[in-house]
Amino acid sequence: MPIVIVLLMLCLPATVWAGWLWGDDEPAQVVQVVEPFVTWRTGPAVGYPVFYSSEKGEWLTLLQRKTGWVKVRDRKGREGWVAVADIAQTRDATGERVTLSVPDLAAFIERNVEAGIMMGRFQGAPVTAGYGGYWFTPNLAAELWGSQMLGSASEMLMVNANIVHQPFPHWRVSPFFTLGVGHIWVDPKATLAVPEERDNSVGHAGVGLRAYISERYFIRAEVKDYKVFTSRSTNEEATEWKIGLSIFF
């Protein structure tokens, strides 16, 4: 369930950024092209084909924003996607240049919220994990994780709460350190007898890297050492590594 929630968080910005930019209850903004032309694409990425160009003097209605792209409509009812950089060259009804913020490295450094999906290995078993985090300062954050591990002998679910320290937040590729606690549930796969489920508290320490890509996206990779606190005379240890894609706000 935590992983599904994070997936929804990653998908939501594509549909709600327009509301953040112009407000759900405010009328759509209308702008005029002042450059010789601006090109339209069928979707919000350079991989989509160009199918139309608006010439100087045409008026466009801004409908929706998705990262570095804006969905527009002209006065003939055509709709398409235009790069934010091109919209930033247009002018509004008062003749003022349109101001649109484009997420960049500075925004990444000053982020408040991030979320992501990561995959890797937990003590040899495939692991899929999702997380959300809040930055109190550029150096300190709190995170909540949900992970699922599918081993040959058991299935495991784990939740963790982390404290993250990032000593060099202004670096494009930035190291960080984590320390946290959580809980793990182990469901052994049935063989000759029906085994009982096990659940234990866990603690961990880890190190990782964040690498800013562009706009709101960055790559995150990390390694964590876990201590599993059992009711037996000895505790268990496990090592985990993960890498994945994250988004920030």
For this session: Check whether more than 12 heavy atoms from other residues, nucleotides or ligands sit under 6.0 Å from atom OH of Tyr48, and answer yes or no.
Result: no

Exercise. Where the side chain of Ser246 meets the backbone of Arg220, is there a donor-acceptor pair that is under 3.5 Å apart?
Worked result: no

Exercise. Can Tyr131 and Ser147 be counted as having a side-chain donor-acceptor contact under 3.5 angstrom?
Worked result: no

Exercise. Are the charged groups of Arg210 and Glu114 less than 4.0 angstrom apart, N to O?
Worked result: yes

Exercise. Apart from Trp135 itself, which Ile, Leu, Val, Met, Phe, Trp or Tyr residues share its cluster (side-chain heavy atoms under 4.5 Å, direct or through members)?
Worked result: Val164, Phe176

Exercise. So, does Arg41 use its side chain to make a donor-acceptor pair with the main chain of Val46 at under 3.5 Å?
Worked result: yes

Seminar exercise, completed: dist Thr178:OG1 -> Trp145:CH2 (nearest 0.5 Å) comes out at 8.5 Å

Problem set entry | Stepwise side-chain contact (heavy atoms from CB on, under 4.5 Å) check, Val113 with Arg111 | CA-CA 6 Å; Val113 178; Arg111 68 192 181 279; over 6 Å; no

Seminar exercise, completed: Across all chains, not counting sequence neighbours, the side-chain hydrogen bond (donor to acceptor under 3.5 Å, both in side chains) partners of Thr239 are Asp225

For this session: List for me each residue that meets side-chain hydrogen bond (donor to acceptor under 3.5 Å, both in side chains) alongside Arg78, sequence neighbours excluded, and say none if there are none.
Result: Tyr52, Asp74

Problem set entry | Pair Leu63-Val72, side-chain contact (heavy atoms from CB on, under 4.5 Å): steps then yes or no | CA-CA 5 Å; Leu63 303 176; Val72 302; 5.9 Å; no

Exercise. With distance as the sole test, does Glu58 use its side chain to make a donor-acceptor pair with the main-chain N or O of Glu55 at under 3.5 Å?
Worked result: yes

For this session: Let me see the working for Tyr212 and Phe108 under ring-ring contact (aromatic ring centres under 6.0 Å, His included), right down to the final yes or no.
Result: CA-CA 7 Å; Tyr212 176 69; Phe108 171 66; 5.2 Å; yes

For this session: Please list, chain by chain and in numerical order, all residues satisfying side-chain hydrogen bond (donor to acceptor under 3.5 Å, both in side chains) with Lys242, sequence neighbours excluded.
Result: Glu222, Glu240

Exercise. Does a side-chain heavy-atom distance below 4.5 Å link Leu209 with Val173?
Worked result: yes

Exercise. Linking I/L/V/M/F/W/Y whenever any side-chain heavy atoms sit under 4.5 Å apart, do Leu150 and Trp185 land together?
Worked result: no

Exercise. Yes or no on side-chain contact (heavy atoms from CB on, under 4.5 Å) for Asn160 and Val202, after CA distance, side-chain angles and deciding distance?
Worked result: CA-CA 8 Å; Asn160 278 291; Val202 298; 3.7 Å; yes

Exercise. Which atom names give the shortest non-hydrogen contact between Pro138 and Gln166, and what distance separates them?
Worked result: O-NE2, 3.4 Å

For this session: Report yes or no: do Glu155 and Gln148 form a side-chain donor-acceptor pair below 3.5 Å?
Result: yes

For this session: Can you measure from NZ (Lys227) to CG (Asn200) and round to the nearest 0.5 angstrom?
Result: 13.0 Å

Exercise. Would you find a donor on one side and an acceptor on the other, under 3.5 Å apart, between the side chain of Asn139 and the backbone of His165?
Worked result: no

For this session: Output the distance between atom CD1 (Ile213) and atom CZ (Phe218), rounded to the nearest 0.5 Å.
Result: 9.0 Å

Exercise. Does a sphere of radius 6.0 Å around CZ in Phe51 hold more than 12 heavy atoms from other residues, nucleotides or ligands, not counting ones at 6.0 Å or beyond?
Worked result: yes

For this session: Please check if the distance between the ring centroids of Phe122 and Tyr226 is under 6.0 Å.
Result: yes

Seminar exercise, completed: In this structure, CD1 of Ile247 is separated from OH of Tyr217 (nearest 0.5 Å) by 4.0 Å

Exercise. Is Lys71 paired with Glu79 through a side-chain N to carboxylate O contact shorter than 4.0 Å?
Worked result: yes

For this session: Kindly work out whether a path of hydrophobic side-chain contacts (I/L/V/M/F/W/Y, heavy atoms less than 4.5 Å apart) joins Met119 to Leu245.
Result: no

For this session: Would you mind listing the cluster partners of Ile163? Hydrophobic ones only (ILVMFWY), side-chain contacts under 4.5 Å, chaining allowed.
Result: Leu140

For this session: Would you give the length of the straight line joining atom CD1 of Ile109 to atom OG of Ser174, rounded to the nearest 0.5 angstrom?
Result: 9.0 Å

For this session: Quick one: list whatever passes ring pair (Phe, Tyr, Trp, His ring centres under 6.0 Å) with Trp241, sequence neighbours left out.
Result: none

For this session: Would you tell me whether Trp40 and Ser54 have side-chain atoms, one donor and one acceptor, within less than 3.5 Å of each other?
Result: yes

For this session: Please report the C-alpha distance between Val33 and Gln89 in whole Å, then the side-chain angles of each, then the deciding distance to 0.1 Å, and finally whether the side-chain contact (heavy atoms from CB on, under 4.5 Å) criterion is met.
Result: CA-CA 7 Å; Val33 178; Gln89 301 300 316; over 6 Å; no

Exercise. Do Val38 and Val30 sit in the same hydrophobic cluster, where Ile, Leu, Val, Met, Phe, Trp and Tyr count as joined when their side-chain heavy atoms come under 4.5 Å apart?
Worked result: no

Exercise. So how far is it from Arg97 CZ to Asp92 CG, rounded to the nearest 0.5 Å?
Worked result: 11.0 Å

Exercise. Between the side chain of Thr90 and the main-chain N/O of Ile87, is any donor-acceptor distance below 3.5 Å?
Worked result: yes

